[in-house]
2 protein chains.
Amino acid sequence: MQDSQTSETTQKTIEETIVSGILSAKIRPGTRLSENQLAALFGVSRTRVREAMMRLETRGIVHVSPRRGWFVIEPSAEDAIAVYEARRVIEAGLLRSMCALTDEGRSALDAHLNEEKRALASGNRQRLTYLMGDFHIRIAELSGNAIIVDILRDLTARTILISMLYQSEFHAAQSHDGHCRIFEAMQAGDFVRAAELSVEHLDEVEMGLDLTTRPDPLSELRSSLSLPPKTVASGPTVRPKKPLLQRSN
Amino acid sequence: MQDSQTSETTQKTIEETIVSGILSAKIRPGTRLSENQLAALFGVSRTRVREAMMRLETRGIVHVSPRRGWFVIEPSAEDAIAVYEARRVIEAGLLRSMCALTDEGRSALDAHLNEEKRALASGNRQRLTYLMGDFHIRIAELSGNAIIVDILRDLTARTILISMLYQSEFHAAQSHDGHCRIFEAMQAGDFVRAAELSVEHLDEVEMGLDLTTRPDPLSELRSSLSLPPKTVASGPTVRPKKPLLQRSN
DNA sequence: TCTGGCTATCTTGCATACAAGACAGAAAGC
DNA sequence: GCTTTCTGTCTTGTATGCAAGATAGCCAGA
């Protein structure tokens with residue numbers, strides 16, 4: 001029942017366990033993460049659980065409601081838009097700055113796309129979710145830049161939380177096609193095209209969200225009474241006017 | 001002698017005090033941050049100092065050497081290259097995705113550039129360092145995307161630590177010119193050009209670094225004896241072959 | 001004089017104790 | 001029956017205590 005690792009490995013395990021739980025869609029947004037329960041689960045004291053929570057909080061994955069508990073974030077519609085915007089900026093910037101695809105890179109992506117195809121055939125939704133997000137992390141890994149990889153991993157985690165909240169139907173096949181097109185452009189050495197395709201792909205996925213669905217069923221009432229929005233998320237949920245950034249080019 | 005805030009404000013104060021100390025070049029890389037000293041300074045217990053340190057560690061600003069202490073990171077030459085690479089990717093991606101400059105945005109940047117000019121004339125080096133970094137954060141703020149702002153703030157902090165380690169002479173006037181050119185392109189609505197100029201500007205600053213200077217004077221000996229590199233930084237300090245990302249376009 | 005080891009001290013690592021706020025459910029008053 | 005209040009319980013917030021590793025300085029011995 002207990003894990004009770006030998007405390008060298010437990011160091012970062014709590015943090016990574018939760019992140020990978022999110023990346024594979026096993027942990028839903030809003031999940032409460034009790035310090036006591038996690039402490040018991042990992043066989044450590046609350047202290048170390050709290051440290052992991054603090055780290056996850058600065059990574060934008062978890063949120064604390066004072067004296068109530070830690071919760072996996074429930075991104076608001078605005079948050080969702082900001083995350084997709086940030087991903088477009090970074091991923092397009094990344095692809096545009098690439099200038100070659102090594103053999104190992106090519107075969108890594110190829111293997112990944114084959115896995116996507118297999119998961120698509122088998123219909124394993126959790127695995128599909130994981131793979132769909134992981135594709136973008138793999139691209140970041142091609143750059144060899146650990147900073148960008150870390151950033152995109154956290155943004156991907158948030159993306160998955162977003163889709164669990166707002167994605168009514170899962171257009172996995174469409175996403176897979178998008179990934180294949182990006183890969184083809186990269187193989188052809190046309191990284192500008194790959195960047196454009198990446199923006200289009202993220203646009204497609206974002207457009208597939210129903211951002212009028214309210215994760216907080218009380219938010220309409222709340223805002224009509226002009227109460228403060230839930231600290232964790234929500235607020236007005238209509239898609240606001242896009243400010244300075246353009247969607248595609 | 002003590003600050004001893006009323007503990008509501010102290011919440012994030014420790015973290016932000018250190019970050020802004022770095023952003024204004026008042027805290028040098030390698031500075032030791034003693035839990036006890038900080039606790040006394042802020043009138044809190046070590047617990048909260050540790051929380052702040054953990055957060056700063058996940059932000060890539062601080063580093064712990066087990067049972068020895070917390071230290072402001074001393075980026076290695078590879079780290080420096082990775083940070084500049086990430087900044088080029090993100091800032092160019094950001095500018096490319098912008099499509100308009102609001103009046104407030106224009107005047108904010110204009111005011112900032114005037115401040116740069118004043119600081120340049122007065123010769124206040126710390127203030128100059130701060131302003132030179134802050135320009136890029138201001139651009140990020142134009143996007144209204146808090147995620148990107150946070151990312152670039154942390155990268156800017158690291159950049160400043162890098163320049164304190166590797167920048168022999170401070171080409172502030174050249175940087176200021178670069179900023180002005182970027183601003184002009186933005187005013188002209190040519191954001192593609194602004195992105196290109198931004199990449200060139202970051203290239204210039206990076207080229208101004210002397211990455212053969214060793215922050216760890218023992219690193220040559222260390223590597224010739226093939227000992228493990230200092231956990232905090234160093235390693236082989238020659239500029240490695242650039243892998244997949246191109247500098248400018 | 002130099003080397004080696006011992007010890008005193010200072011550091012973080014981690015657990016625990018207690019304080020205080022949030023909440024749910026029962027009980028009392030209307 | 002409905003509302004209100006109170007109280008017990010559960011949560012995190014924070015401080016503190018102790019353990020254990022790292023380091024520097026001293027002292028003894030060659």
Side-chain angles (χ1 to χ4, degrees), chain A residues 2-18 30-58 61-74 216 218 222 227-233, chain B residues 2-18 30-58 61-74 216 218 222 227-233:
Chain A
Q2 310 276 95
D3 260 22
S4 84
Q5 310 251 358
T6 43
S7 98
E8 308 118 33
T9 37
T10 334
Q11 199 79 25
K12 293 222 157 184
T13 299
I14 305 174
E15 204 178 335
E16 287 318 311
T17 301
I18 290 169
T31 303
R32 174 142 172 276
L33 299 172
S34 158
E35 290 184 4
N36 279 321
Q37 287 179 17
L38 286 173
L41 216 59
F42 285 91
V44 296
S45 83
R46 279 179 52 219
T47 306
R48 305 183 58 187
V49 174
R50 277 180 71 78
E51 289 175 0
M53 291 298 120
M54 304 269 171
R55 290 197 161 96
L56 287 174
E57 192 180 35
T58 86
I61 303 227
V62 136
H63 155 270
V64 63
S65 176
R67 307 210 186 250
R68 284 179 20 86
W70 295 91
F71 300 89
V72 176
I73 57 157
E74 298 178 271
D216 173 15
L218 293 179
R222 203 185 300 273
L227 292 174
K230 258 175 48 182
T231 42
V232 39
Chain B
Q2 311 278 92
D3 262 21
S4 83
Q5 311 249 0
T6 44
S7 97
E8 307 119 34
T9 37
T10 334
Q11 199 78 27
K12 292 222 158 184
T13 299
I14 305 174
E15 204 177 335
E16 287 318 310
T17 301
I18 289 169
T31 302
R32 173 141 175 275
L33 299 171
S34 156
E35 290 184 5
N36 280 320
Q37 286 179 17
L38 286 173
L41 215 59
F42 286 91
V44 296
S45 83
R46 279 178 51 216
T47 306
R48 306 184 57 188
V49 175
R50 276 180 73 78
E51 289 177 358
M53 291 299 119
M54 304 268 172
R55 290 195 159 97
L56 287 174
E57 192 180 34
T58 86
I61 302 219
V62 137
H63 155 269
V64 65
S65 176
R67 307 213 189 246
R68 286 181 17 90
W70 295 91
F71 300 89
V72 175
I73 56 157
E74 299 178 90
D216 173 16
L218 293 180
R222 203 184 300 274
L227 293 175
K230 256 173 54 181
T231 41
V232 38

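Chain letters run A, B, ... following the sequence lines, proteins first and then strands; every chain starts at 1.
Using a 4.5 Å heavy-atom threshold, the side chains of Thr17(A) and Phe42(A) count as touching. Considering only heavy atoms from C-beta on, Glu57(A) comes within 4.5 Å of Arg55(B) through its side chain.
Annotation for Val62(A) and Val72(A): closest pair CG2-CA, 4.3 Å, computed over non-hydrogen atoms. Across every non-hydrogen atom of Arg46(B) and Ala39(B), the tightest pair is N-CB, 3.9 Å. Of all heavy-atom pairs between Leu56(A) and Glu15(A), the closest is CD2-CG, 3.6 Å.
The CG atom of Asn36(A) sits 8 Å away from the C1' atom of dT11(D) (whole-angstrom rounding). Between Glu57(A) atom CD and dT12(D) atom C1' the separation is 12 Å, expressed in whole Å. What separates CG of Leu38(A) from C1' of dC10(D) is a distance of 16 Å, to the nearest Å. Atom P of nucleotide dT12(C) and atom CZ of Phe71(B) are separated by 8 Å, given to the nearest angstrom. To the nearest angstrom, P of dT11(C) lies 14 Å from CE of Met53(B).
Of the possible polar contacts, none joining the Ser65(A) side chain to the Arg68(A) backbone as a donor-acceptor pair under 3.5 Å is found.
The distance from the CD1 atom of Ile18(B) to the OG1 atom of Thr13(B) is 11.0 Å, given to the nearest 0.5 Å. Rounding to the nearest 0.5 Å gives a distance of 10.5 Å between CE of Met53(A) and CZ of Arg50(A).
Take the nearest nucleotide of DNA chain C for Arg68(A) and for Gln37(B): the residue whose nucleotide is more 5' is Gln37(B).
Look at Arg50(B) and you'll find a side-chain N or O under 4.0 angstrom from OP1 or OP2 of dG13(C).
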Listing time: all N or O pairs from protein to nucleotides 7-9 of chain C that are below 3.5 Å?
none

Are any protein N/O atoms closer than 3.5 Å to N/O atoms in nucleotides 15-20 of chain C? If there are, list each pair with its distance.
| residue | atom | partner | partner atom | Å |
| --- | --- | --- | --- | --- |
| dA15(C) | OP2 | Ser45(A) | N | 3.1 |
| dA15(C) | OP2 | Ser45(A) | OG | 2.7 |
| dA15(C) | O5' | Ser45(A) | OG | 3.4 |
| dA15(C) | N7 | Thr47(A) | OG1 | 2.6 |
| dT16(C) | O4 | Thr47(A) | OG1 | 3.4 |
| dA20(C) | N3 | Arg67(A) | NH1 | 3.4 |

